[in-house]
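Contents: one structure, followed by commentary.
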Amino acid sequence: MNFITRIRKRLSIKRKIILLAMLSTLIPLLIVGTFSYVYMNKAIENKISETTTNLLSLINWNINTFVNDIQSNGEILYASNDAQDFLKQKDLTKESYVTQGETRDLLITISSNNQYINAVYLGNENNEYLQLSQGQSVYYGNIYEHIWGSEWFKEIMKKDLYGTWFHDDVTFIENSNLLTYGRPIKDLQTLDVIGMMIFSIDKAIFKDMFKDIDQDGEIIILDKGEMIYSNSEDQVKSRKMVELINASVGKDSELVTFNDDKYIVNFDVNKITDWKIVSIMPYKSIVKEFDFIRKVSILLLIITLFIATFSALLISNKITKQLSLLRDVIKNMRKREKLDSISFDPEDEVGNIGFQFINLYNRNNELMVELYESQLKEKEAELRTLQSHINPHFLYNTLNSIFWMAEKAKMKPIAKMAIHLANIFKLTLNDGEYITSVRNEIDQVKSYLDIQNIRYDNRIQYQIHVDEDLYDKRMIKLLLQPLVENSVYHGLEMKPGIWEIIINGKKEDHSLVFEVSDNGIGFDLDKVLKQKTGYAIRNINERLRLQYGPGYGLTIHSEEGKGTTVSLRIGLDISEKRANAGA
């Protein structure tokens, strides 16, 4: 060790650089050459597994969107007063014919709004209606008598909350390529079962769902071990692969062998339907990519060794001349100080680098300021462009016309909705101003909630508690209404019963603090952040930080099944220059 230390001390910086360049290249070359096969193979497998996992998550999200859409249509049918009256009819009267017609129109609307819904059935032992979008019915006469007592009928009657899914077990039309969603319907007053609904859905929805997915392998969807869908053209091979998958131990990822070929299989399970989503990727494609990368890596490492040694001989003399100045530059950069007092020789390589460092450092400080200002202007320009495409007088006059026509026809809900909508447009446009008052924001929320209560039959109970002396305070517009809209559509719409929204506002230090709380279904915040959804929330948070600074913005607290609370911190001080620019 003493010998090595003495040699190291006697070496000049030039020789140290040459030696370092050679060793830094040679040692990795030997290590990578020896162990590259094992490590690179594993790395590629992990990367492909990670990519496949992300792909499965995306597919899972698409399935959730499709399932939620069908269940939302089921909720509309479940909550329909016409459907309730239709199922509770026992005698043929004039009113019953009217109810049947309105129920038929509702089923036609549901089936026509979704091209994949082939049939919708609503019925009980007394009344029933089957709406076909395409195909021919396999039932004639009383459909309820045909399906009553079957196993799948009993299974549907057990699932009274979200319904249940079947495949190829229940069909109303002459088509075997179908999925079926069924759910019992209860009396909204007594909660007694009064009938059932069944949706027949074309499996072609999966083909459209996966048409943009580009990978070498195969995607299979299983329900209770049976294949619902496969994007492979060789369906026989797919079914044999399903047998191997069902016989496996059920790990999230594993290696299986089929016809002497190896495949990497990854799984994911959809929590709503319990469908298993399976990705099958040929192992050959992984090995092929690995062999190419290994050869290229070894070649690059050898070339790098020669280049590094040759380059070290050429530049080692020049590097040491201005290293001390470069060190001083780095110290000043850490302190965020100006570098005008340090001068480099631009003819020297290191000196030129130092000279460029100084220019880039100073220019970067200037660009940061310019970037911040340009971002503000860009956001303002987008808003002003949007507003310029809207003719407020035309909107006000049209909505007022609707209001008076509804008043004249004694259609109070339509009249109320029109006047509330006119108020929302007026407050949103705000005469083209970027800054509004707390009072206008609260009025806009009230108008929005009143419209939603007309739509949802007064299911929303809301409370607004804002200190009276805050109503005239100024704030940027369109902050509270998007949060309330998120609560309705993402938190409350899927929840049965009465919906509650509470808005609190108060002054805290030099800030306005608003809280929007609901008793909705809540969500897993970490999962939502990973999916990168919630554009409205991110937009509001970005606007707040651009306007007031990094100390302001949104915080979210949500718990699944219990509701969500969004806190909004807004600055009280708005510069006149910024307010005028926003206008």
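In this structure, S112 contributes its side chain and T109 its backbone to a donor-acceptor pair below 3.5 Å. Side chain of N519 to main chain of G563: no donor-acceptor pair is present (N/O by atom type, distance under 3.5 Å, no hydrogens or angles). The backbone N or O of D69 sits less than 3.5 Å from a side-chain atom of N73, completing a donor-acceptor pair. Side chain of R569 to backbone of F514: no donor-acceptor contact under 3.5 angstrom is found. In this structure, the side chain of N127 does not engage the main chain of G123 through any donor-acceptor pair within 3.5 Å. At distances below 3.5 Å, at least one donor-acceptor pair connects side-chain atoms of S558 with backbone N or O atoms of F523. For the pair E441 (side chain) and Q481 (backbone), a donor-acceptor distance under 3.5 Å is absent. The main-chain N or O of L87 is found under 3.5 Å from a side-chain atom of N124 such that the two form a donor-acceptor pair. A donor-acceptor distance shorter than 3.5 angstrom exists from the side chain of Q84 to the backbone of Y78, with no hydrogens or angles considered.
Of all heavy-atom pairs spanning I501 and S487, the tightest one is CD1-CB, 4.4 Å. Considering all non-hydrogen atoms of both residues, G497 and R459 come closest at O-NH2, 2.9 Å. Contact between L544 and G553 at its shortest, heavy atoms only, is CD1-CA, 3.7 Å. Minimum heavy-atom separation, A119 to L130: CB-CD1, 4.2 Å. Minimum interatomic distance between Q131 and S111 (heavy atoms only, all atoms of both residues): CG-OG, 3.6 Å. What you find for S72 and M494 is that their closest heavy atoms are OG-SD, 4.1 Å.
Taking the six-membered ring where the residue is Trp, F206 and W275 present perpendicular rings, their angle passing 60° and hence far from 30°.
Using a 4.5 Å cut-off on side-chain heavy atoms (C-beta onward), E485 and H490 make no contact. Counting heavy atoms from C-beta outward, N62 and L58 have side chains that approach closer than 4.5 Å. Put simply, the side chain of Q444 does not reach to within 4.5 Å of the side chain of N440, judged on heavy atoms. Using a 4.5 Å heavy-atom cutoff, the side chains of H465 and I503 are not in contact. Residues W165 and Q71 have side chains in contact (heavy-atom distance under 4.5 Å, counting atoms from C-beta outward). Looking at heavy atoms from C-beta onward, L478 lies in side-chain contact with R543 at the 4.5 angstrom threshold. Between P482 and I540, some side-chain heavy-atom pair lies under the 4.5 Å cut-off. Between D223 and D274 there is no side-chain heavy-atom pair separated by less than 4.5 Å.
Using modelled atom types, one finds a donor on one side chain and an acceptor on the other under 3.5 Å when comparing N270 with T273. Side chains of E128 and Y121: a donor on one and an acceptor on the other come within 3.5 Å. Y448 and Q452 share a side-chain donor-acceptor pair at under 3.5 Å.
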| request: For Y129 and R104, run side-chain contact (heavy atoms from CB on, under 4.5 Å): C-alpha distance rounded to whole Å, both residues' side-chain angles, the deciding distance at 0.1 Å, then the answer. | output: CA-CA 7 Å; Y129 189 84; R104 180 190 65 239; 2.9 Å; yes
| Can you check side-chain contact (heavy atoms from CB on, under 4.5 Å) on V516 and L568, steps first, answer last? | CA-CA 8 Å; V516 180; L568 189 71; over 6 Å; no
| message | Pair I556, T565 - check side-chain contact (heavy atoms from CB on, under 4.5 Å), show working. | response | CA-CA 6 Å; I556 303 174; T565 297; over 6 Å; no
| said: Could you go through R183 and E75, starting from their C-alpha distance and side-chain angles, then the distance that decides it, and tell me whether this counts as salt bridge (Lys or Arg N to Asp or Glu O under 4.0 Å)? | reply: CA-CA 10 Å; R183 179 181 178 183; E75 288 288 339; 2.9 Å; yes
| request: Decide side chain to side chain donor-acceptor pair (under 3.5 Å) for E500 and Y462; before the verdict, give the C-alpha distance in whole Å, the side-chain angles of both, and the deciding distance to 0.1 Å. | output: CA-CA 6 Å; E500 296 179 358; Y462 67 89; over 6 Å; no
| task | Using the side-chain contact (heavy atoms from CB on, under 4.5 Å) rule, take I442 and I464 through it: C-alpha gap first, then chi angles, then the decisive distance, then the call. | result | CA-CA 8 Å; I442 296 299; I464 299 177; 4.0 Å; yes
| said: Could you walk me through whether Y144 and F153 satisfy the ring pair (Phe, Tyr, Trp, His ring centres under 6.0 Å) test, starting with their C-alpha distance in whole Å, then the side-chain angles of each, then the deciding distance to 0.1 Å, before giving a yes or no? | reply: CA-CA 10 Å; Y144 195 86; F153 178 89; 5.6 Å; yes
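Distance OH/Y229 to CD1/I221: 7.5 Å, rounded to 0.5 Å. Rounding to the nearest 0.5 angstrom, the gap separating the CG atom in N504 from the OG atom in S517 is 6.5 Å. Annotation: the span from I117 atom CD1 to L132 atom CG amounts to 12.5 Å, rounded to 0.5 Å. Distance CD/E515 to OG1/T555: 8.0 Å, rounded to 0.5 Å. To the nearest 0.5 Å, the span separating CD1 on I185 from CE on M197 amounts to 4.0 Å. In this structure, F66 CZ and I272 CD1 are separated by 10.5 Å, a value rounded to the nearest 0.5 Å.
Within a 6.0 Å radius of CD in E125, other residues, nucleotides and ligands contribute more than 12 heavy atoms.
In this view, N126 satisfies the side-chain hydrogen bond (donor to acceptor under 3.5 Å, both in side chains) rule with no residue, not counting sequence neighbours. Here N458 pairs with N453 under the side chain to side chain contact (heavy atoms under 4.5 Å, CB included) rule; sequence neighbours left out. Applying the side-chain hydrogen bond (donor to acceptor under 3.5 Å, both in side chains) test to E493 and every residue at least two apart in sequence or in another chain returns Y456.
Salt bridge annotation for D192-K186: absent, with no cationic side-chain nitrogen under 4.0 angstrom from a carboxylate oxygen.
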